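What you are looking at is a predicted structure, and each value in this text was computed from that prediction instead of being measured.
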Amino acid sequence: MALWRCSSSWLSSVSRSSGGVGGGESKVSPEIAPVSGGEGEGEEEEGEEERWSRLLPELLTEIMRRVDAGAERWPPRRDVVACACVCRRWRDAAVSVVRPPLECGRITFPSSLKQPGPRDAPMHCFIRRNKKNSTFYLYLSLTQALTDKGKFLLAARRFRNGAHTEYIISYDCDDLFPGSNSSDFLGTKFIIYDSQPPYDGAKPSRSQSSRRFASKQINPNVSGGNYEVGQVSYKFNFLKSRGPRRMQCNIQCPVGQSTASDPLKEKLISTSSPLALRNKAPRWHEHLQCWCLNFHGRVTVASVKNFQLVAPAGTSDPWGIADEETVILQFGKIEDDAFTMDYRQPLSAFQAFAICLTSFGTKLACE
């Protein structure tokens with residue numbers, strides 16, 4: 001059967017075991033009607049795959065390089081994923097050519113969501129909220145507009161577990177079971193968990209709450225578990241005399257950066273280092289009589305949820321953060337149920353999304 005299919009979404013058939021996102025289909029090679037019920041169908045498929053895999057390595061690498069160069073943004077970047085789905089050798093060629101977000105500023109494969117964001121400019125994303133079923137969807141912005149059709153990246157859902165609030169973050173919008181992100185009963189302290197080890201040698205958490213969490217794994221070759229990767233806390237403000245919310249984050253960020261883009265081939269980062277972030281203090285605007293931050297046009301609606309995170313002075317190494325004025329993550333409201341999320345290294349899309357989710361919900365003791 002001379003036909004290879006893959007999802008038009010970047011969740012390729014290579015990682016289908018994680019539960020991909022639905023969409024149209026992109027085809028590689030001329031389409032030929034499949035043979036149904038024939039005894040030699042398996043042999044024909046193997047023969048066709050062998051033909052494609054016998055291409056000269058230099059030619060194959062050049063093909064991947066040109067496809068990657070011609071697909072600057074989504075949806076054209078799905079062609080890169082389609083090529084990686086042809087066979088193992090094509091996937092290996094894609095891994096060697098496609099650079100991680102830290103270097104190229106683009107998201108291509110699912111593993112890109114666990115890798116640090118761009119170094120020089122923030123990655124522009126937005127979150128849509130569905131209040132009816134307490135779900136949240138993260139999209140990659142495709143244009144300079146604040147929101148557009150977007151490229152689906154991650155989904156989350158909020159659950160109540162007694163006095164606690166829990167979130168599940170998933171690559172699959174249909175795989176939203178409790179939890180991944182858990183808060184205390186006041187909603188002021190959150191612990192972020194990952195079902196995969198964030199670095200080589202990471203040990204799963206033994207806390208009672210983390211053992212409840214379960215989600216589909218993107219890499220079936222890595223044993224499952226619940227690994228604590230960060231904490232977010234909001235300071236109390238009972239007298240409401242200190243301005244808007246004040247938050248602190250402690251996130252485990254990889255020190256090195258793997259260039260592998262295939263979740264089945266990616267090697268785990270050997271070490272990580274904690275990164276402390278705090279919200280940038282807003283200034284009081286006398287004329288408007290409100291607290292203000294400069295979001296450079298990326299936020300249009302005033303909200304207590306809006307924030308910018310910066311690193312305190314003296315944390316330039318090992319991530320090369322310029323100064324404490326460099327915004328690592330900013331989140332703000334643009335419509336009733338739409339919010340922008342812009343992040344950069346050393347945070348990943350997964351970490352940034354988890355931090356932003358903690359801002360949803362009322363925190364009477366903090367505002």
Any sub-3.5 Å donor-acceptor pair from [X]'s side-chain atoms to [Y]'s backbone N or O?
X	Y	answer
Thr61	Glu58	no
Tyr137	Asn130	no
Arg91	Ala84	no
Gln308	Pro282	no
Asp148	Leu142	yes
Arg77	Ala71	yes
Arg129	Asp336	yes
Thr340	Arg298	yes
Asp68	Val80	no
Arg157	Ser134	no

Do [X] and [Y] share a hydrophobic cluster (ILVMFWY, side-chain heavy atoms under 4.5 Å, transitive)?
X	Y	result
Leu347	Val327	no
Leu154	Met123	yes
Met341	Trp74	yes
Val86	Leu55	yes
Val97	Trp90	yes

Quick one, [X] and [Y] - any side-chain contact, counting heavy atoms below 4.5 Å?
X	Y	answer
Gln248	Lys235	yes
Ile192	Glu228	no
Leu275	Cys249	no
Cys125	Leu138	yes
Ile251	Ile355	yes
Ser348	Gln115	no
Cys356	Leu329	yes
Leu357	Ile169	yes

Task: Asp342 and Gln330 side chains, donor-acceptor separation under 3.5 Å - done: yes
TODO: Verify whether one side chain among Ser170 and Asp172 offers a donor that lies under 3.5 Å from an acceptor in the other.
DONE: no
TODO: Locate the shortest heavy-atom distance separating Ala93 from Leu60; write the atom from each residue and the value.
DONE: CB-CG, 3.8 Å
TODO: Quick one: pull up CD in Glu72 and SG in Cys104 and give me the separation to the nearest 0.5 Å.
DONE: 8.5 Å
Task: Gap separating the CG atom of Asn279 from the CZ atom of Arg246, nearest 0.5 angstrom - done: 8.0 Å
TODO: Could you give me the CA-CA distance, side-chain angles and deciding distance for Val301 and Glu335, then say whether side chain to side chain contact (heavy atoms under 4.5 Å, CB included) is met?
DONE: CA-CA 7 Å; Val301 180; Glu335 296 175 5; over 6 Å; no
Task: Residue that, paired with Phe360, satisfies ring-ring contact (aromatic ring centres under 6.0 Å, His included) out of Phe331, Tyr167, Phe353 - done: Phe331
- [ ] Could you check Thr326 against Arg344 for side chain to side chain contact (heavy atoms under 4.5 Å, CB included), going step by step and ending with a plain yes or no?
- [x] CA-CA 10 Å; Thr326 301; Arg344 63 192 304 163; 4.0 Å; yes
- [ ] Classify the angle between the aromatic ring planes of Tyr234 and Phe190 as parallel (below 30°), tilted (30 to 60°) or perpendicular (above 60°).
- [x] perpendicular
TODO: Would you confirm whether the ring centroid of Phe339 sits within less than 6.0 angstrom of the ring centroid of Phe136?
DONE: no
TODO: Go through the steps for Ser96 and Met64 under the test side chain to side chain contact (heavy atoms under 4.5 Å, CB included), then give the verdict.
DONE: CA-CA 9 Å; Ser96 65; Met64 289 302 310; over 6 Å; no
